[in-house]
Amino acid sequence: MTDHGISCVYPPNAPTIPVDAAGKLAGTPDWTAFDAVMRRIPKHFSFLWSAPPACQWPEGVAPAEDSPESLEATRTAIHVLEEHLETLGFSYDNWAFYPIDEPWNTGFSEVPRLKKFAQRIKAAEPRAQVYTDPAGLVRVEYLEEFKDLIDIWQPEMNLLKRDPELVTWFQKNARHFWSYEAPGPAKELSPLGHYRAFAWHAWRFGCEGAGYWVYRMNDTWTPMGCDYSAVYQQNKDSIPSRRWEASRDGVEDYRLLYALKKSIENARKSGKNEAADEAEKLLDNSVENTVQYPAENIDEITRMVRDYDLNYLELTARRDELIRA
């Protein structure tokens, strides 16, 4: 997974944090099992926890959720977690809380709960990040109240294809702007047109990260109504698919685009503006020629009736031009 560009995971649960009646730290958590997993994870990874670590109150103490003591316990749990993560080489920028999946996809019933959660986290520790993945009925006007509460925005890719105003809003307001999709049946999707192109779409929309549901979920050897996995399962082993290998190629394409962008920036600093302009035009044209049509015409519905595959020879020729640039 690391070789394929995966850099965001669900980490192990943190140990319970002992607190006193005022919500202050009242003991030393046991990090043994937690550390055994975390020490295997590369230091550039990001993590998503559903909530701060659970707190263990003294016997007979159970303050109300909206009490000052409860808020202090949340603050204690976040600080204890962060202090321990620092010893392992991870900072606040490496992790976030992910309390609700697709909150705008439920007729707004979960949106107030997301706001309450985010407000509580920010009240306890403003540096702690909150993550959300907008899907469904999402408009710019629905997001304004979360502008200072959400740090990592990962909207569904189809929303970005349909609504340029959303793209502009995320580019302007998101501290981190990622994108995702949860497509199925996965085995019917084009390795080139969907899985490899996904990173190109992310670049076109200005995303710094992108991903999809899911690496591995169920037994996709057998026919199913709707499968999502990008790899096959053989006992405990993962067997790659063409789609999974295409994902890796897409990640490497993104790295090439990023490397060229940095080279352009360096060229400008050195006064090589003409060469930088030429390379920048090539970069922009390469992205538009690769994914402009599917970005503007293909989403989860229309790809069932319109061709969205990429021309492999044209794609490799563009890569060669980008490498030379």
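Computed over heavy atoms, backbone and side chain alike; hydrogens, waters and symmetry mates excluded. These numbers come from a predicted model, not from an experiment.
Qualifying ring pair (Phe, Tyr, Trp, His ring centres under 6.0 Å) partners for His194, counting only residues two or more places apart in sequence or in other chains: Phe198. Considering only residues two or more places apart in sequence or on other chains, Tyr258 meets the ring pair (Phe, Tyr, Trp, His ring centres under 6.0 Å) condition with none of them. Take Glu208 and apply the salt bridge (Lys or Arg N to Asp or Glu O under 4.0 Å) test, not counting sequence neighbours, and it matches no residue. With sequence neighbours excluded, no residue forms a ring pair (Phe, Tyr, Trp, His ring centres under 6.0 Å) with Tyr312.
Paired with Trp153 under the rule ring pair (Phe, Tyr, Trp, His ring centres under 6.0 Å), one option of Trp169, Phe177, Tyr131 passes, and it is Trp169.
The pair Glu245-Arg248 does not count as a salt bridge, with every side-chain nitrogen at least 4.0 angstrom from each carboxylate oxygen. The pair Arg175-Asp148 does not count as a salt bridge, with every side-chain nitrogen at least 4.0 angstrom from each carboxylate oxygen.
Val214 and Met1 sit in two unconnected hydrophobic clusters of ILVMFWY residues. Membership requires side-chain heavy atoms under 4.5 Å apart, directly or through other members. Both Val138 and Leu149 are members of a single hydrophobic cluster when ILVMFWY side chains are connected at heavy-atom separations under 4.5 Å.
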Going through the distances and angles, do Tyr254 and Trp203 end up as a ring-ring contact (aromatic ring centres under 6.0 Å, His included)? CA-CA 7 Å; Tyr254 187 103; Trp203 182 274; 5.1 Å; yes
Verify side-chain hydrogen bond (donor to acceptor under 3.5 Å, both in side chains) between His176 and Asp93, making sure each step is shown before the conclusion. CA-CA 10 Å; His176 296 292; Asp93 203 47; 3.1 Å; yes
Take Glu102 and Tyr180, measure what side-chain hydrogen bond (donor to acceptor under 3.5 Å, both in side chains) needs, and give me the verdict at the end. CA-CA 11 Å; Glu102 299 181 342; Tyr180 85 100; 2.5 Å; yes
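Classification of the Trp49-Phe47 ring pair by plane angle, with boundaries at 30° and 60°, yields tilted. Between Phe117 and Phe97, the angle of the ring planes goes over 60°, which puts this pair in the perpendicular group of the 30/60° scheme.
Considering CZ of Arg242 and OG of Ser190, their distance stands at 8.0 Å, rounded to 0.5 Å.
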Report all side-chain donor-acceptor pairs from residues 10-22 shorter than 3.5 Å, counting only partners two or more places apart or in another chain.
| from | atom 1 | to | atom 2 | distance (Å) |
| --- | --- | --- | --- | --- |
| Asp20 | OD1 | Ala22 | N | 2.9 |
| Asp20 | OD1 | Gly23 | N | 3.0 |
| Asp20 | OD1 | Lys24 | N | 2.9 |

Determine all donor-acceptor pairs shorter than 3.5 Å in which one atom belongs to a side chain in residues 60-71; sequence neighbours excluded.
| from | atom 1 | to | atom 2 | distance (Å) |
| --- | --- | --- | --- | --- |
| Ser67 | OG | Ala64 | O | 2.7 |
| Ser67 | OG | Ser70 | N | 3.1 |
| Ser70 | OG | Glu65 | O | 3.3 |
| Ser70 | OG | Arg120 | NH2 | 2.6 |

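Trp244 and His4 have their aromatic ring centers within a separation under 6.0 angstrom. Annotation: Tyr293 is not in aromatic contact with Tyr308 [ring centroid separation under 6.0 Å not met].
Heavy atoms only, all atoms of each residue included: Pro134 and Phe170 are closest at CG-CZ, 4.3 Å. In this structure, Pro99 and Leu114 approach most closely via the heavy-atom pair CG-CD1, 3.8 Å. Nearest heavy-atom pair, Asn297 versus Arg306, reported as atom, atom and distance to 0.1 Å: O-NH1, 2.9 Å.
Between the side chains of Asp299 and Thr302, at least one donor N or O lies within less than 3.5 Å of an accepting N or O. Between the side chains of Thr290 and Arg318, at least one donor N or O sits under 3.5 Å from an acceptor N or O.
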